Amino acid sequence: MSDLNMTDEELKDWVSKVSTEFYEIVYNDLWFMKIFRNIKQEVITSQQTDFMVQALGGPKMFCGRSPKDAHPHIWIDEDMLDYREQLLVEAFEKVGAPQVLRDKWLKIDEAFKHVLINKGGPETCFKRGNADEIIYEPKPYYVRIKKAS
Ligand code: HEM
């Protein structure tokens, strides 16, 4: 039982529903999809589900890299984090996720933001291994970010 007042099975179901919808939105977004060009949608959906279930206090299923070590090759700034959050909120809405899950999820994301942001330009990125590509895709001027009201 997680501290969200749901069983582990319910938690896994909700997180899986949200992650599936979130990456469905990401992989159909003409800008954001570019950042995810080297990873398959089903792979990241399952990694993210395992990560969040564990972070939310459910069963320990995640055996991947920590957020800090997963993104050194991707240039990430505040605009990108805001945009990602906007897409995540769309996913919450679409699947009707419980409010308590939304709140905790956003809090966890918030806690990791400072380790993801690049303080300089793309030269501050580095590859995790030879197969990596440095991904530098700043927000194009025509992409709008809806500010929370
Ligand atoms: C704008 C912000 C973000 C972008 C653009 C982004 C993008 C990505 C991409 C492209 C990957 C796949 C990397 C690869 O293996 O090739 C990835 C992996 C991952 N991301 Fe993010 N991410 C962002 C924010 C976050 C946040 C806020 C979290 C969690 C708090 C997170 C957690 C993870 C995890 C757990 C993985 C998989 C780690 C692994 O097993 O390798 N990401 N992300």
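None of these values were measured; they are calculated from a predicted model. Read the numbers this way: they start at 1 and go in the same order the structure lists the ligands and their atoms. These values consider heavy atoms only, across backbone and side chains, with no hydrogens, waters or symmetry-generated copies.
For D77, the side chain to side chain donor-acceptor pair (under 3.5 Å) test picks out no residue, with sequence neighbours left out.
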Indicate every side-chain donor-acceptor pair of residues 51-65 with a distance under 3.5 Å to a residue at least two apart or in another chain.
from, atom 1, to, atom 2, distance (Å)
Q54, OE1, M61, N, 3.2
Q54, OE1, F62, N, 3.0

Please output the side-chain donor-acceptor pairs of residues 90-101 that fall under 3.5 Å, not counting sequence neighbours, one pair per line with the distance.
from, atom 1, to, atom 2, distance (Å)
E93, OE2, R102, NH1, 2.8
K94, NZ, E21, OE2, 3.4
Q99, NE2, D103, OD1, 2.9

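Looking at R128, its side chain does come within 3.5 Å of a backbone N or O of A70 through a donor-acceptor pair. H114 places a side-chain N or O within 3.5 Å of a backbone atom of A111 that can act as its donor or acceptor partner.
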Run the numbers on R37 and E137 for side chain to side chain contact (heavy atoms under 4.5 Å, CB included), then give the verdict. CA-CA 11 Å; R37 60 179 171 258; E137 297 287 353; 2.9 Å; yes
Check ligand 1 against the protein and report each N/O to N/O distance under 3.5 Å, formatted as atom name, atom name, distance.
from, atom 1, to, atom 2, distance (Å)
ligand 1, 15 (O), R128, NH1, 3.1
ligand 1, 15 (O), R128, NH2, 3.3
ligand 1, 16 (O), R128, NH2, 3.1
ligand 1, 20 (N), H71, NE2, 2.8
ligand 1, 22 (N), H71, NE2, 2.9
ligand 1, 40 (O), Q47, NE2, 3.4
ligand 1, 40 (O), R65, N, 3.2
ligand 1, 41 (O), R65, NH1, 3.1
ligand 1, 42 (N), H71, NE2, 3.0
ligand 1, 43 (N), H71, NE2, 2.8

